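Both backbone and side-chain heavy atoms feed into the values below; hydrogens, waters and symmetry mates do not. Note that the coordinates shown come from a computational prediction; the quantities given were computed from them, not determined experimentally.
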Amino acid sequence: QVQLVESGGGLVQPGGSLRLSCAASGLRFNLYTMGWFRQVPGKGLEFLATSDYRDGRTNYRDSVRGRFTISRDNVKNTVYLQMDSLKPEDTDVYSCAASGRSRPTRSSEYYYWGQGTQVTVSS
């Protein structure tokens, strides 16, 4: 049974940082592209970043490029999202997901999903 479990969310002040983790089990982690999304009210799932399984190449949504960094540890079967310079509009539920495709940006391209972790940016 595949499980993706996110952690690291919480309350942070504007301009602050958080590091999200997503621990995967039940799948061959190094064969999956890992992605991060957030649930935007009224808009659905919004792509944030991917780490490609083939070469580790990363891809980002324009609005977070330079502020967010995705990384993965294929030994620990964990993908991370380092979030810096956080803004109130970054407040959302953040989820990780696994895909067998290369550089997928649509949620429909992902097979497995975590439950999500809440990130709140507020003073």
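- When the side chains of ILVMFWY residues are joined at heavy-atom separations under 4.5 Å, either directly or via intervening members, Leu48 and Tyr60 end up in a single hydrophobic cluster.
- Within the 4.5 Å cutoff, the side chain of Val64 has heavy atoms near those of the Arg38 side chain.
- Taken to the nearest 0.5 Å, the CZ atom of Arg67 stands 11.5 Å off from the CZ atom of Arg61.
- In the model, Arg57 has no side-chain atom that pairs as donor or acceptor with a side-chain atom of Asn59 under 3.5 Å.
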Mind listing the side-chain donor-acceptor pairs of residues 16-31 below 3.5 Å, one per line with the distance, residues two or more places apart or on another chain?
residue: Ser17; atom: OG; partner: Asp84; partner atom: OD1; Å: 2.7

Q: Could you please spell out the steps behind the side-chain contact (heavy atoms from CB on, under 4.5 Å) verdict for Tyr111 and Arg101?
A: CA-CA 10 Å; Tyr111 309 152; Arg101 299 190 177 188; 4.3 Å; yes
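- No more than 12 heavy atoms of other residues, nucleotides or ligands lie within 6.0 Å of CD in Gln115, so this atom counts as exposed by the packing criterion.
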Q: Take Trp113 and Leu45 through the test side-chain contact (heavy atoms from CB on, under 4.5 Å) and record every step on the way to the result.
A: CA-CA 12 Å; Trp113 291 84; Leu45 288 165; 3.8 Å; yes
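- Proximity of a side-chain donor or acceptor of Thr91 to a complementary backbone N or O of Val121 within less than 3.5 Å is detected.
- Without hydrogens or angle criteria, Tyr110 side chain to Pro104 main chain gives a donor-acceptor distance under 3.5 Å.
- The structure places CZ of Arg103 at 9.0 Å from CZ of Arg54, a figure rounded to the nearest 0.5 Å.
- The nearest pair of heavy atoms linking Ser122 to Pro14 is C-CD, 3.6 Å.
- Taking each heavy atom of Gly116 and Ser95 in turn, the nearest pair found is CA-OG, 3.5 Å.
- Annotation: the span from Ser7 atom OG to Tyr80 atom OH amounts to 9.0 Å, rounded to 0.5 Å.
- No donor-acceptor distance shorter than 3.5 angstrom exists from the side chain of Ser51 to the backbone of Ile70, with no hydrogens or angles considered.
- Rounding to the nearest 0.5 angstrom, the gap separating the CH2 atom in Trp36 from the CE atom in Met83 is 8.0 Å.
- A donor-acceptor pair under 3.5 Å is formed between the side chain of Glu6 and the backbone N or O of Cys96.
- The main-chain N or O of Thr78 is never found under 3.5 Å from a side-chain atom of Asp73 such that the two would form a donor-acceptor pair.
- With respect to Asp90 and Lys87, no salt bridge is recorded, no charged nitrogen being found less than 4.0 Å from a carboxylate O.
- Nearest approach of Leu81 to Ala49, heavy atoms of both residues: CD1-CB, 4.4 Å.
- Taking the side chain as every heavy atom from C-beta outward, Leu86 and Phe68 approach each other to under 4.5 Å.
- Of all heavy-atom pairs between Ala98 and Tyr32, the closest is CB-CD2, 4.0 Å.
- For the pair Met34 and Leu4, the minimum side-chain heavy-atom distance is below 4.5 Å.
- Taking a 6.0 Å sphere around CZ of Arg106, one finds it holds 12 or fewer heavy atoms contributed by other residues, nucleotides or ligands.
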